[in-house]
Amino acid sequence: MGELRGAHVPVLLERCLELLSPALDRTGQTVYVDATLGLGGHAEAILTAHPRTMLVGLDRDTEALAHARVRLARFADRVHLEHAVYDELPEVLDRLGHPVVDGILFDLGVSSLQLDAPDRGFAYAQDAPLDMRMDQSRGVTAEEVVNSYSHPELARVLRVYGEEKFAPRIASAIIRERERTPITSSARLADLVRQAIPAPARRTGGHPAKRTFQALRIEVNRELAALETALPAALDRLTIEGRMVVLSYHSLEDRLTKVALADRVRSKGPIDLPVELPGTGPTFRLLSRGAELPGEAEVAVNPRAASVRLRAAERLDPTLQQRQRTDRERYRRRVRAMHQPGTGSAVRRSASGDDGTGTDDEGEGHDD
């Protein structure tokens with residue numbers, strides 16, 4: 001395996017622990033899923049803080065898994081590490097015999113190991129072969145994408161996944177260059193992109209090639225397609241009062257997360273009914289207002305946290321939800337009864353201690 005390449009500072013570690021702890025600090029054994037294990041920083045903190053928690057850690061990067069296995073060796077009896085992409089989570093949990101879990105973390109995007117490894121081709125600031133595969137045992141490389149995609153396909157990838165407004169210009173420059181000789185290095189591609197972008201646009205917004213490299217990485221690893229499948233599947237696996245935290249690093253990831261959570265926190269019943277029908281209410285509640293951003297102190301310690309957006313949610317207890325709906329309906333009925341013509345005297349008798357009939361309890365259903 002060799003020496004660990006690059007530094008690893010877990011992003012928003014204390015906040016993630018704060019959000020996940022209520023779900024993991026329960027009687028008996030709990031199960032925590034790190035869907036993007038990486039070098040195991042978040043997992044190590046969780047296992048240390050919760051001695052009754054079992055970890056199921058997934059990662060598509062075999063090098064990251066090897067390092068995480070060493071880092072988590074002292075927790076070996078509570079750790080299951082799997083070479084898998086996060087959209088394979090249901091199959092992994094079925095194989096391990098976990099129909100439900102208590103906590104899930106998605107720490108999306110490219111890892112410190114991948115960025116700092118010069119031979120992986122993720123970084124535009126370092127010259128390396130154009131690989132960009134998180135799992136180097138399978139899949140197409142960025143070199144294959146750059147040298148084989150048509151102009152419309154390249155422009156689509158750059159526009160959609162990189163939100164690059166100069167996508168057609170960059171695609172044209174790539175095709176012209178590869179007709180002379182194949183594009184095989186990250187430095188050459190970065191320089192090509194820089195030249196394709198107008199000079200005024202190059203002066204702001206960071207490195208001119210960062211959006212192109214992001215787009216190629218997402219395309220090569222099918223990141224958004226996998227995430228779109230993985231998020232609903234993960235929510236389905238959470239037990240009552242189980243919690244999920246998602247760390248996103250660009251707007252596309254955050255948008256998918258927002259949509260997946262919004263689908264679970266809103267009512268699905270007809271909007272014109274006076275009461276919510278059983279089974280149509282929200283199944284989750286949000287644990288944060290919108291997307292939480294990192295503080296200045298976090299970014300100062302870990303500059304790679306600058307773009308992070310955190311969203312979190314908790315599965316609701318349907319029994320408690322039904323009881324709360326019943327209580328609300330009883331209250332509404334009492335209020336309506338108090339305002340019905342002819343009920344004023346009954347209400348006054350009830351308030352003064354009389355046991356007359358026809359009070360505000362009329363018309364209520366029974367608990368049995």
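All values below were derived from every heavy atom in this structure, side-chain atoms included, with hydrogens, water molecules and symmetry-related copies excluded.
Between R74 and E44 there is a salt bridge, since a side-chain N of the basic residue sits under 4.0 Å from a carboxylate O of the acidic one. Using a cutoff of 4.0 Å between basic side-chain nitrogens and carboxylate oxygens, R194 and D191 are scored as salt-bridged. Contact check on R255 versus E163 returns a salt bridge, with a Lys/Arg side-chain nitrogen under 4.0 Å from an Asp/Glu carboxylate oxygen. Taking the charged nitrogens against the carboxylate oxygens, R243 and E314 do have a contact shorter than 4.0 Å, which makes a salt bridge. Between R95 and E82, at least one side-chain nitrogen of the basic residue sits less than 4.0 Å from a carboxylate oxygen of the acidic one, meeting the salt-bridge criterion. Taking the charged nitrogens against the carboxylate oxygens, R237 and D94 do have a contact shorter than 4.0 Å, which makes a salt bridge.
Around the CD atom of E228, the shell of radius 6.0 Å holds no more than 12 heavy atoms that belong to other residues, nucleotides or ligands.
A donor-acceptor contact closer than 3.5 angstrom links the side chains of H83 and D135. If you check the side chains of S172 and H151, you find a donor sitting under 3.5 Å from an acceptor. Using modelled atom types, one finds a donor on one side chain and an acceptor on the other under 3.5 Å when comparing S21 with H50.
Remark: T257 engages no residue in a side chain to side chain donor-acceptor pair (under 3.5 Å) (not counting sequence neighbours). Looking at residues two or more places apart in sequence or on another chain, you find a salt bridge (charged side-chain N to carboxylate O under 4.0 Å, His left out) between R15 and E18, E292. Residues meeting the ring pair (Phe, Tyr, Trp, His ring centres under 6.0 Å) test with F106, sequence neighbours left out: Y86. Considering only residues two or more places apart in sequence or on other chains, A215 meets the side-chain contact (heavy atoms from CB on, under 4.5 Å) condition with V157, L158, Y161. With sequence neighbours left out, R180 forms a salt bridge (charged side-chain N to carboxylate O under 4.0 Å, His left out) with E177. Applying the side-chain contact (heavy atoms from CB on, under 4.5 Å) rule to A196 yields the partners I170, A173; only residues at least two apart in sequence or on another chain are considered. Among residues two or more places apart in sequence or in another chain, the salt bridge (charged side-chain N to carboxylate O under 4.0 Å, His left out) test is passed with R178 by none. Every residue meeting the side-chain contact (heavy atoms from CB on, under 4.5 Å) condition with P232, not counting sequence neighbours, appears here in chain and number order: R264. The ring pair (Phe, Tyr, Trp, His ring centres under 6.0 Å) test applied to H207 returns Y124, not counting sequence neighbours. Remark: E144 pairs with V140, T141 by the side-chain contact (heavy atoms from CB on, under 4.5 Å) rule, at least two apart or across chains.
Remark: L293 CG to R309 CZ distance equals 4.5 Å, nearest 0.5 Å. Atom CD1 of I183 and atom CZ of R188 lie 5.5 Å apart (nearest 0.5 Å). The line from OG1 of T36 to CG of D107 is 5.0 Å long, rounded to the nearest 0.5 Å. A distance of 8.5 Å separates CG of D34 from CG of D59, quoted to the nearest 0.5 Å. Residue L256 holds its CG atom at 12.0 Å from NZ of K258, rounded to the nearest 0.5 Å. The distance from atom CG of L55 to atom OH of Y32, rounded to the nearest 0.5 Å, is 7.0 Å.
Of all heavy-atom pairs spanning Q214 and G162, the tightest one is NE2-CA, 4.0 Å. V33 and L58 get closest at one heavy-atom pair: CG1-CD1, 4.4 Å. Looking at every heavy atom in both residues, D102 comes nearest to A23 through O-CB, 3.3 Å. When all heavy atoms of A171 and A155 are compared, the closest pair comes out as CB-N, 3.9 Å.
Among residue pairs with one or both ends in residues 169-191, none qualify as ring-ring contact (aromatic ring centres under 6.0 Å, His included); sequence neighbours excluded.
At distances below 3.5 Å, not a single donor-acceptor pair connects side-chain atoms of D254 with backbone N or O atoms of H250.
Residues L310 and Y249 fall within the same hydrophobic cluster, defined by Ile, Leu, Val, Met, Phe, Trp and Tyr side chains chained together at heavy-atom separations under 4.5 Å.
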When the side chains of residues 295-302 are checked against the rest of the protein, which donor-acceptor pairs come out under 3.5 Å, sequence neighbours left out?
{"from": "E298", "atom 1": "OE2", "to": "L12", "atom 2": "N", "distance (Å)": "2.7"}
{"from": "N302", "atom 1": "OD1", "to": "R304", "atom 2": "N", "distance (Å)": "3.4"}
{"from": "N302", "atom 1": "ND2", "to": "V9", "atom 2": "O", "distance (Å)": "3.0"}

